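Worksheet: one structure, shown below.
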2 protein chains.
Amino acid sequence: MKKTDNKTPITRIQKQKRLVILEAALEVFSKNGFRGSTLDQIALQAGISKPNILYYYASKQEMHKELIERLMDKWLAPLEEMNAKGDPIAEISAYIKRKLEMARDYPRQSRLFNNEILQGAPHIIDLLNGELKVLVDEKAKVIANWMKQGRLTKTDPYHLIFSIWATTQHYADFDVQICAVLGNDEAIKNRFRKAEKHLYQLFVRSLEVGQ
Amino acid sequence: MKKTDNKTPITRIQKQKRLVILEAALEVFSKNGFRGSTLDQIALQAGISKPNILYYYASKQEMHKELIERLMDKWLAPLEEMNAKGDPIAEISAYIKRKLEMARDYPRQSRLFNNEILQGAPHIIDLLNGELKVLVDEKAKVIANWMKQGRLTKTDPYHLIFSIWATTQHYADFDVQICAVLGNDEAIKNRFRKAEKHLYQLFVRSLEVGQ
DNA sequence: CTAATATTTTTCCAAATGGTCAAAAATTAT
DNA sequence: ATAATTTTTGACCATTTGGAAAAATATTAG
């Protein structure tokens with residue numbers, strides 16, 4: 001079994017080990033940020049030795065880089081799915097639903113992203129200025145069109161998108177605070193159901209036209 | 001000039017130096033989180049030597065602790081001001097305005113708080129479960145009352161508060177992303193004005209009763 | 001001015017950290 | 001089984017880090 005220099009793993013075992021390491025790295029990075037995380041923590045979390053980690057990833061940076069890259073695809077997908085030809089209210093509701101599901105099912109990825117942005121987005125600033133901006137420009141145009149057609153109440157499409165990002169990701173990034181404030185077990189258990197209902201109402205009632 | 005052991009500075013000079021250090025610490029902590037920040041960075045930022053910092057603050061922890069403590073007072077104030085006897089829509093609008101102003105004027109504090117929460121709120125979990133929860137419970141009751149009286153459209157008051165937190169703090173915590181997406185200088189310059197307008201519309205239209 | 005006190009800096013240290021290397025262990029190929 | 005190859009680890013290293021100690025400097029009181 002040769003190992004072709006770097007990158008792309010060949011054997012199934014290599015693929016698996018890399019995944020185990022990435023999983024551990026995600027756990028640690030999402031909690032402590034890049035600088036605040038140590039290889040020892042990641043090794044402990046992965047259940048293997050530190051040099052073994054460096055056998056699969058050349059450096060701490062490289063692990064982080066791969067995590068961020070994998071994240072970004074998943075992160076942009078929900079907005080990409082928003083369809084100009086669909087019903088405006090239904091499309092926006094569906095977008096909110098998708099984003100909220102991501103906050104529920106991938107909270108660590110959300111926090112990893114949050115951490116990256118807090119630090120000034122050093123690794124993804126180009127992507128934000130490029131791919132992300134292009135995508136948002138496109139969808140903002142779609143939304144603006146819906147508004148022009150009188151199918152949505154007029155508001156700033158960019159800031160509307162920001163509001164959706166903010167409200168949905170909040171349930172991943174500020175989970176500790178949310179659970180602390182809700183206090184009671186029942187409310188905590190239902191927090192995502194309640195959130196969905198509330199966000200639908202918030203956005204739909206404010207965007208619905210006429211009455 | 002005696003220095004009474006620890007804590008509370010006596011002379012004006014001590015008070016000033018402590019402030020300079022705190023200011024530098026805020027700058028660094030808010031960007032890198034607690035673990036990701038170093039005393040050297042803070043010293044550099046403050047323009048004094050590392051041991052001199054430790055002359056005024058016994059440890060890195062202590063600096064962070066004081067920052068967090070000072071932050072929390074400021075952080076709770078806007079919600080405390082919400083007045084049960086005022087007009088519901090006006091009160092909520094004013095709350096949004098205050099929170100948005102904090103995001104604009106104190107973005108580093110917002111990020112410091114964000115960082116703390118991301119890491120699981122190790123230093124303020126008691127405060128979240130105590131003081132914060134009590135305050136939110138009280139204000140949620142006020143909002144629920146307004147809704148019961150038919151002065152606001154019914155929705156979950158806790159999640160309504162979460163939405164306000166999320167949307168306003170987003171403008172501090174995700175500023176890099178927002179500026180990247182907005183791209184154009186004019187839109188960036190007006191982002192807080194636009195945000196205010198948009199958030200008023202979002203929340204007011206969705207909470208206004210009747211039509 | 002002089003002594004006492006407060007402040008600052010230079011020097012240093014032990015622990016933690018990212019990473020290397022060679023040897024050991026496990027796996028695979030023949 | 002044996003040789004070749006891959007995987008894993010223990011020992012090590014240079015740098016960074018939080019912090020201590022003490023000497024040097026500045027400030028204040030008398």
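Letters A, B, ... mirror the listed sequences (proteins, then strands); counts begin at 1. This one's a predicted model, so the numbers in the text were calculated from it and none came from an experiment.
Rounded to whole Å, the distance from OH on A:Tyr57 to C1' on D:dT8 is 17 Å. What separates CE of A:Met63 from C1' of C:dT17 is a distance of 13 Å, to the nearest Å. Atom NZ of A:Lys17 is separated from atom P of C:dA26 by 12 Å (rounded to the nearest Å). Rounded to whole Å, the distance from CD on B:Gln16 to P on C:dT8 is 11 Å. Distance CD (B:Gln14) to C1' (C:dT8): 13 Å, rounded to an integer number of Å. Going from atom CG of B:Asp40 over to atom P of C:dA16 covers 18 Å, rounded to whole Å. We find that CD1 of B:Ile53 is positioned 14 Å from C1' of C:dT7, with the value rounded to whole Å. Atom CZ in B:Arg18 sits about 13 Å away from atom P in C:dT8, given to the nearest Å.
Using a 4.0 Å cut-off between a side-chain N of Lys or Arg and a carboxylate O of Asp or Glu, A:Glu66 and A:Arg70 qualify as a salt bridge. One finds a salt bridge joining A:Arg108 and A:Glu23 here, because a Lys/Arg side-chain nitrogen approaches an Asp/Glu carboxylate oxygen to under 4.0 Å. Between A:Lys133 and A:Asp137 there is a salt bridge, with a side-chain nitrogen of the basic residue lying less than 4.0 Å from a carboxylate oxygen of the acidic one.
Side-chain contact between A:Glu196 and A:Ile96 is absent, with no heavy atoms from C-beta onward closer than 4.5 Å.
Of the side-chain N and O atoms in A:Asn52, one or more sit less than 4.0 angstrom from OP1 or OP2 of D:dT9. Contact annotation: B:Tyr55 side-chain N/O to C:dT8 OP1/OP2 distance is not under 4.0 Å.
Seen from the ring of A:Phe34, A:Lys60 counts as a face-on cation partner, given the 6.0 Å and 45° thresholds. The cationic atom of A:Arg191 (NZ for Lys, CZ for Arg) does not lie both less than 6.0 Å from the six-membered ring centre of A:Tyr171 and within 45° of the ring axis. In this structure, B:Lys99 satisfies the cation-pi test against B:Trp75, with its NZ or CZ atom closer than 6.0 Å to the six-membered ring centre and inside 45 degrees of the ring normal.
Scanning for side chain to side chain donor-acceptor pair (under 3.5 Å) contacts around B:Lys197 gives an empty result, with sequence neighbours left out.
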Tabulate atom names and distances for all N/O pairs under 3.5 angstrom spanning the protein and nucleotides 19-25 of chain D.
{"from": "D:dG19", "atom 1": "OP2", "to": "B:Lys60", "atom 2": "N", "distance (Å)": "2.9"}

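A donor-acceptor pair is defined here as one N or O able to donate and one able to accept, closer than 3.5 Å; such a pair exists between the side chain of A:Lys139 and the backbone of A:Glu80.
Listed in residue order, the members of residues 24-35 of chain B having a heavy atom less than 4.0 Å from DNA chain C are B:Arg35.
Residue contacts shown for A:Ser49 include a base, since a base heavy atom lies under 4.0 Å away.
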